[in-house]
Amino acid sequence: MVSWKIIAGGYDLFVATYLFTVTGRSSNLRLLSTSPTGLNASWITQHPTNKHLLYAVNEMAPLGALQSFKIAPDGSLSDPLDTVSTLGADPAHVVALPNGKVVVMNYSTGDGRIIKTTHGGTKFNDSGPLIKFQVPPGTLSHPHQTVQYGGALLIPDLGADTIWRVQEERDSDTVAFKESIPQPKGSGPRHISIVGDRLFTLHELSSTLSVQSIPALNATSSAITRVSVAPEDAPAGAKWSAAEILIPPPTKRFPKSYIYVSNRNLGVPDPRGDTIAIFEHINKGKADEGLVLVNQVHTGLEQVRGMEFGPVETGGDAYLVASGVRGKGGVVVLKRIDGGRSLKVVAKNLEVPTRTTFVWM
């Protein structure tokens, strides 16, 4: 028998903690507890080294917030250790950096903050300035994620159709903007993933996935290829809006790496649920480099948004937890089968109908 605790945030007043257990050929997902967090802890993340420290946004307007919590051995959360304003509306993403800083992005006001932490990451230094993204008149900035690559932070902007690149100035709270990486007009880049020297971008508004080389900080690049991620057999009236991209690293158990993206159907629901699309990146560096659809897996969920693979170290990478933001599908755990080319639901819990973000313990 092996088990993992999974903490799940969402559009509510709490995070939920689940226990996922695998015994022989059976699996079970049990709700252990709920912990109050204030409004809309829609994105949560762990401290990079202290796995008993959790950060959570409060996605709200006109001003959002960022909180820190201690994770107890049973997976429940303490009262907030500290809270700081994000100085903007509707923070939709937070990431903790190895240098002890936390980066939060405000979706609705088109800005973000790089916030220093103290006391082992539990407390926030409120001196971090507000970072504004300068966009052309008539354009609204909607930053949706931060990914660290080398010495820069890459920030996909769904409203500005670009991926910003910023560098922190040494011995200063200010940042320097480097050459951004433009994306197709109207595509809405939402989330990205980086493997080696390749940048994979999931576009929410066009429901597409692209791959391109990562350019030097004073240069840019264009997509090598871009493909649709939406299922072709959807019911009439379906309206697709891509949400999350995950590319787990290859392991002995899963030697070939695949790309997993979640689809949200904002239109007429499919009784089979929304899908997780699985792609393979082929022929890197060759003239026919591309992205090939391997599978579309129906989940039984409505508007699949957040999903997360388990930890490699304990074999949790065989499993993917997911939920939707509409309906009553609850939380499901899917198992990678056929070497990762497909997924099957192995456990489900309906006690909390919707969730948006996950952390495995």
Side-chain angles (χ1 to χ4, degrees), residues 4-20 28-45 54-61 64-65 67 69 75-77 90-94 107-108 144-145 190-191 202 204 207 234 238-246 260-277 297-310 319-334 343 345-361:
W4 299 266
K5 295 180 182 71
I6 302 172
I7 302 174
Y11 289 111
D12 216 314
L13 296 170
F14 61 87
V15 299
T17 300
Y18 297 86
L19 182 67
F20 173 55
N28 177 264
L29 184 65
R30 181 164 61 94
L31 179 65
L32 292 180
S33 64
T34 59
S35 302
T37 56
L39 188 64
N40 296 343
S42 63
W43 195 271
I44 59 176
T45 192
L54 186 85
Y55 300 106
V57 302
N58 293 117
E59 188 178 338
M60 56 190 183
Q67 299 184 89
F69 298 90
S76 63
L77 301 188
D90 300 319
H93 188 269
V94 59
Y107 176 85
S108 294
H144 216 293
Q145 185 194 28
R190 177 186 173 97
H191 279 191
L202 188 64
E204 175 178 328
S207 281
K239 182 181 178 182
W240 295 104
S241 181
E244 183 61 289
I245 175 172
L246 301 173
Y260 301 81
V261 302
S262 66
N263 284 303
R264 292 178 300 169
N265 180 2
L266 307 182
V268 176
D270 188 325
R272 300 169 295 177
D274 296 350
T275 69
I276 295 172
V297 179
H298 292 273
T299 62
L301 301 169
E302 292 186 53
Q303 295 187 18
V304 182
R305 176 173 163 173
M307 58 183 191
E308 197 69 50
F309 280 101
Y319 300 96
L320 175 71
V321 64
S323 186
V325 295
R326 187 176 71 179
K328 300 179 180 180
V331 175
V332 302
V333 178
L334 304 99
L343 300 162
V345 175
V346 295
K348 180 183 297 187
N349 186 288
L350 304 177
E351 292 177 76
V352 180
T354 64
R355 295 284 85 187
T356 61
T357 176
F358 300 95
V359 164
W360 289 70
M361 296 297 294

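Small disclaimer: the values here were computed from a predicted structure and weren't measured. All values below were derived from every heavy atom in this structure, side-chain atoms included, with hydrogens, water molecules and symmetry-related copies excluded.
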Report yes if some heavy atom in the side chain of L77 is under 4.5 Å from a heavy atom in the side chain of I7; otherwise report no. yes
Can you name the closest pair of heavy atoms from T356 and G10 and give their distance? OG1-CA, 3.4 Å
Quick one: which of W360, Y260, F358 gives a side chain to side chain contact (heavy atoms under 4.5 Å, CB included) with F309? Y260
Checking E59 side chain against W43 main chain: does a donor-acceptor pair fall under 3.5 Å? no
Spacing of CG belonging to N263 relative to CD belonging to Q303, to within rounding of 0.5 Å: 11.5 Å
Closest heavy-atom pair, A92 versus H144, reported as atoms and distance to 0.1 Å, is CB-CE1, 4.2 Å
Do any N or O atoms from the side chain of D274 and from the backbone of N265 form a donor-acceptor pair under 3.5 angstrom? yes
Measuring only between side-chain heavy atoms, which start at C-beta, is V352 closer than 4.5 Å to F14? yes
Between R355 and S323, is there a donor-acceptor pair closer than 3.5 Å when you use the side chain of the first and the backbone of the second? no
Quick one: CG on L29 to CD1 on I6, what's the gap to the nearest 0.5 Å? 6.0 Å
Just by distance, do the side chain of T17 and the backbone of G75 share a donor-acceptor pair under 3.5 Å? yes
Counting C-beta onward and ignoring hydrogens, is there a side-chain heavy-atom pair between V57 and S42 closer than 4.5 Å? yes
For the student: nearest non-hydrogen atoms of A41 and V15, plus distance: CB-CG1, 4.1 Å
Short side-chain to backbone donor-acceptor contact, N58 and L39, under 3.5 Å: yes
Closest heavy-atom pair, A322 versus V304, reported as atoms and distance to 0.1 Å, is CB-CG1, 4.4 Å
Side-chain contact test, heavy atoms from C-beta onward, threshold under 4.5 Å: evaluate it for I276 versus T299 and give yes or no. yes
Answer yes or no: is there a side-chain heavy-atom contact under 4.5 Å between V359 and E308? no
Would you say S262's side chain and R305's backbone share a donor-acceptor pair under 3.5 angstrom? yes
What verdict does the side-chain contact (heavy atoms from CB on, under 4.5 Å) test give for E204 and R264, after you've listed the backbone C-alpha separation in whole Å, the side-chain angles of each residue and the deciding distance to 0.1 Å? CA-CA 9 Å; E204 175 178 328; R264 292 178 300 169; 3.1 Å; yes
A side-chain contact here means heavy atoms from C-beta on lying under 4.5 Å apart; do L334 and V345 qualify? yes
Checking side-chain contact (heavy atoms from CB on, under 4.5 Å) for the pair L246/L320: CA distance, chi angles, key distance, verdict? CA-CA 10 Å; L246 301 173; L320 175 71; 3.7 Å; yes
Could you give me the CA-CA distance, side-chain angles and deciding distance for R190 and L202, then say whether side-chain contact (heavy atoms from CB on, under 4.5 Å) is met? CA-CA 6 Å; R190 177 186 173 97; L202 188 64; 5.6 Å; no
So which atom in T354 and which in R326 form the shortest heavy-atom distance, rounded to 0.1 Å? CG2-N, 3.8 Å
Can you name the nearest heavy-atom pair linking A61 to D90, along with the distance? N-OD1, 3.7 Å
Between the side chain of N349 and the main-chain N/O of E351, is any donor-acceptor distance below 3.5 Å? yes
H93 and Y107, any side-chain heavy atoms less than 4.5 Å apart: no
Just wondering, do V331 and F20 contact through their side chains at under 4.5 Å, heavy atoms? no
Does any donor atom in the side chain of E244 or H191 lie under 3.5 Å from an acceptor atom in the other side chain? yes
Measure the spacing between CG of L54 and CZ of F69 and express it to the nearest 0.5 Å. 7.5 Å
